[in-house]
2 protein chains.
Amino acid sequence: MALRRDAQRNRERILRAAHEVFAARGFAATLDDVAHHAGVGIGTVYRRFPTKEELIEAVFTDRLEDLVTLAEEALAAPSAWEGLTGFLRTSARWHAADRGLRDAALSMDEQHFKKAGEQIVPLLEQIMERAHAEGTLRADAGFQDFPIIMAMVTEMAQHSEGCRPGLYERYLELMIDGLRARPGNGSLGAAPTGTDIRAVMRECVPPIKPAPRS
Amino acid sequence: MALRRDAQRNRERILRAAHEVFAARGFAATLDDVAHHAGVGIGTVYRRFPTKEELIEAVFTDRLEDLVTLAEEALAAPSAWEGLTGFLRTSARWHAADRGLRDAALSMDEQHFKKAGEQIVPLLEQIMERAHAEGTLRADAGFQDFPIIMAMVTEMAQHSEGCRPGLYERYLELMIDGLRARPGNGSLGAAPTGTDIRAVMRECVPPIKPAPRS
DNA sequence: AAGTAAGTGGAGGTGATTCCTCAACTTACC
DNA sequence: GGTAAGTTGAGGAATCACCTCCACTTACTT
């Protein structure tokens with residue numbers, strides 16, 4: 001049965017508030033926060049979204065789609081290098097402005113969000129492959145490095161946006177210059193595996209449920 | 001008056017245990033942890049070190065001296081570039097192996113540890129200046145970038161040492177290649193100021209006292 | 001206009017986690 | 001053997017997050 005009109009309106013309020021609160025504090029934000037921000041009772045939030053996961057999923061599924069679209073556009077850029085770096089710059093900007101989106105993007109291997117994850121991985125592979133073929137990307141960088149670089153840059157962004165917005169861009173540019181194919185580069189050694197990446201990503205996002213055993 | 005022999009022995013046990021526990025969990029470790037690890041009662045720890053700060057200071061002051069020595073050696077390296085990158089690599093290795101040392105190093109502007117901070121800043125300036133003069137370090141990188149790079153790399157190290165030890169080195173090498181002076185580098189824009197750095201560093205370390213107001 | 005199912009609010013239960021104290025007990029040393 | 005120094009760990013106090021429950025309010029139906 002359809003929701004009553006007031007319930008529908010509250011649902012939308014909650015989603016909007018959740019977006020703002022998660023943008024500011026990431027997955028670490030509490031549902032109490034969301035409720036107050038939305039101007040509704042805590043119970044109302046729990047009635048509509050029985051678990052934090054469900055709320056997060058409702059808020060960020062669409063935003064992850066945007067990331068997928070961004071990756072598709074990167075693949076269509078005039079040059080592979082432009083596509084690659086443009087994707088890095090734009091997604092870093094998005095993640096810096098929305099901590100919840102960052103946490104969601106780093107959780108793409110998790111149950112929720114798995115769909116977006118499966119869409120974006122092949123795109124990243126292609127973006128990297130294209131840049132390798134073009135000869136602009138150093139040969140020993142792989143698409144596995146993508147999420148790690150993003151995690152590092154956006155983690156710094158979280159720590160610095162409050163006191164010096166945009167600072168993270170400086171370090172992204174540094175890493176981008178490090179990614180250029182060039183004689184005289186050092187050697188990066190063995191690339192991490194998919195399993196490594198998944199484990200590291202999980203470490204980089206605050207647990208949604210109360211912290212596990214120590 | 002001197003400590004009784006058993007008290008002296010316990011004090012040493014506590015320091016040793018604190019080192020291990022802080023190495024594993026950083027400043028976020030609890031004094032209860034330290035006590036259990038040392039095999040003494042919690043009260044004993046508090047009798048000897050009335051606050052967490054005092055214990056941290058007792059454990060890490062010497063280790064920070066080691067960092068200062070490392071910087072001095074870097075300045076004496078055959079080439080400026082070797083000195084600079086060697087310092088980055090070695091200190092990153094130390095920080096990856098000892099999370100408490102990392103937290104201490106990133107707190108060098110704080111009350112405790114201020115002494116080491118005042119010693120190391122001019123050394124870092126000289127290391128960078130020497131590499132600029134040598135022409136191997138890109139002109140738009142400054143010594144202010146030092147702590148940020150270290151914070152980024154060692155934060156990744158904290159997240160990855162558990163599942164893939166040494167992974168952080170890959171990204172340090174990437175940043176080092178990004179630091180090389182080269183035609184075709186992008187532009188980094190304005191360097192952060194000392195005030196910026198201090199604010200960001202504070203954000204990167206878990207608060208020693210219970211978290212402040214929200 | 002009245003009935004009723006749907007929706008609401010938020011105090012408070014539950015369970016973690018941390019910091020730190022204190023009073024009864026033990027030990028080193030003279 | 002006396003006593004000051006040292007030890008212990010249960011537990012007080014504070015904080016924090018998740019989530020439940022039920023007395024109350026509201027939208028919609030007839």
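The sequence lines fix the lettering, A, B, ..., with proteins before strands; numbering per chain opens at 1. All values below come from the heavy atoms of this structure, side chains included, with hydrogens, waters and symmetry mates left out.
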Next item on the list: Can you tell me the distance, in whole Å, between the CZ atom of B:R47 and the P atom of C:dC25?
Entry: 18 Å
Check: Within the distance-only criterion (no hydrogens, no angle test), does the side chain of A:D103 pair as donor or acceptor with the backbone N or O of A:V205 below 3.5 angstrom?
Finding: no
Note to self: Would you say B:R5 places a side-chain N or O within less than 4.0 Å of OP1 or OP2 belonging to C:dA28?
What the structure shows: no
Notebook entry, point to check: Between D:dC18 atom C1' and A:I56 atom CD1, what is the distance in whole Å?
Noted result: 13 Å
Notebook entry, point to check: OH of B:Y46 versus C1' of D:dA5: gap in Å, rounded?
Noted result: 21 Å
Next item on the list: Using a 4.0 Å heavy-atom cut-off across all strands, classify A:R4 as base, sugar-phosphate, or nothing.
Entry: base
Note to self: Between C1' on C:dT8 and CZ on A:F49, what's the gap in Å once rounded to a whole number?
What the structure shows: 15 Å
Next item on the list: Give A:T30 one of three labels, base, sugar-phosphate or nothing, depending on what nucleic acid heavy atoms sit under 4.0 Å from its own.
Entry: sugar-phosphate
Notebook entry, point to check: salt bridge (charged side-chain N to carboxylate O under 4.0 Å, His left out) between A:R9 and A:D6: does it pass, once the steps are laid out?
Noted result: CA-CA 5 Å; A:R9 194 202 53 203; A:D6 56 340; over 6 Å; no
Check: Please walk me through it: do B:R48 and B:E54 pass salt bridge (charged side-chain N to carboxylate O under 4.0 Å, His left out)?
Finding: CA-CA 9 Å; B:R48 216 46 72 202; B:E54 283 179 64; over 6 Å; no
Next item on the list: Identify whether any heavy atom of A:R48 sits under 4.0 Å from a base atom; if not, whether one sits that close to sugar-phosphate; answer base, sugar-phosphate or nothing.
Entry: sugar-phosphate
Check: When the distance from CG of A:D6 to P of C:dA6 is rounded to whole Å, what number comes out?
Finding: 13 Å
Item checked: Interatomic distance where CG belongs to A:D33 and C1' belongs to C:dG10 [whole Å] -> 15 Å
Notebook entry, point to check: For A:F27 and B:R11, take the nucleotide of DNA chain D holding the closest heavy atom to each; which residue's nucleotide lies nearer the 5' end?
Noted result: B:R11
Next item on the list: Check every strand shown and say whether B:N10 touches a base, only sugar-phosphate, or nothing at a heavy-atom separation below 4.0 Å.
Entry: sugar-phosphate
Check: To the nearest angstrom, how far is A:D32 atom CG from D:dT15 atom P?
Finding: 16 Å
Check: Which of parallel (below 30°), tilted (30 to 60°) and perpendicular (above 60°) describes A:F60 and A:F27?
Finding: tilted
Note to self: Both B:I42 and B:L3 contact DNA chain C. Which one's nearest nucleotide lies toward the 5' end?
What the structure shows: B:I42
Next item on the list: Examine C:dG9: is either OP1 or OP2 under 4.0 Å from a nitrogen or oxygen in the side chain of A:T44? Give yes or no.
Entry: yes
Check: When we call it a touch if two heavy atoms are under 4.0 Å apart, what does B:R9 touch: a base, just sugar-phosphate, or nothing?
Finding: nothing
Notebook entry, point to check: Taking for each residue the nucleotide of DNA chain D bearing the nearest heavy atom, is the 5' side occupied by A:G43 or by A:A29?
Noted result: A:A29
Check: Expressed in angstrom and rounded to an integer, what is the separation of A:L31 atom CG from C:dG9 atom P?
Finding: 15 Å
Next item on the list: Measure from the side-chain N and O atoms of A:E161 to the backbone N and O of A:G166, and report whether any donor-acceptor pair falls under 3.5 Å.
Entry: yes
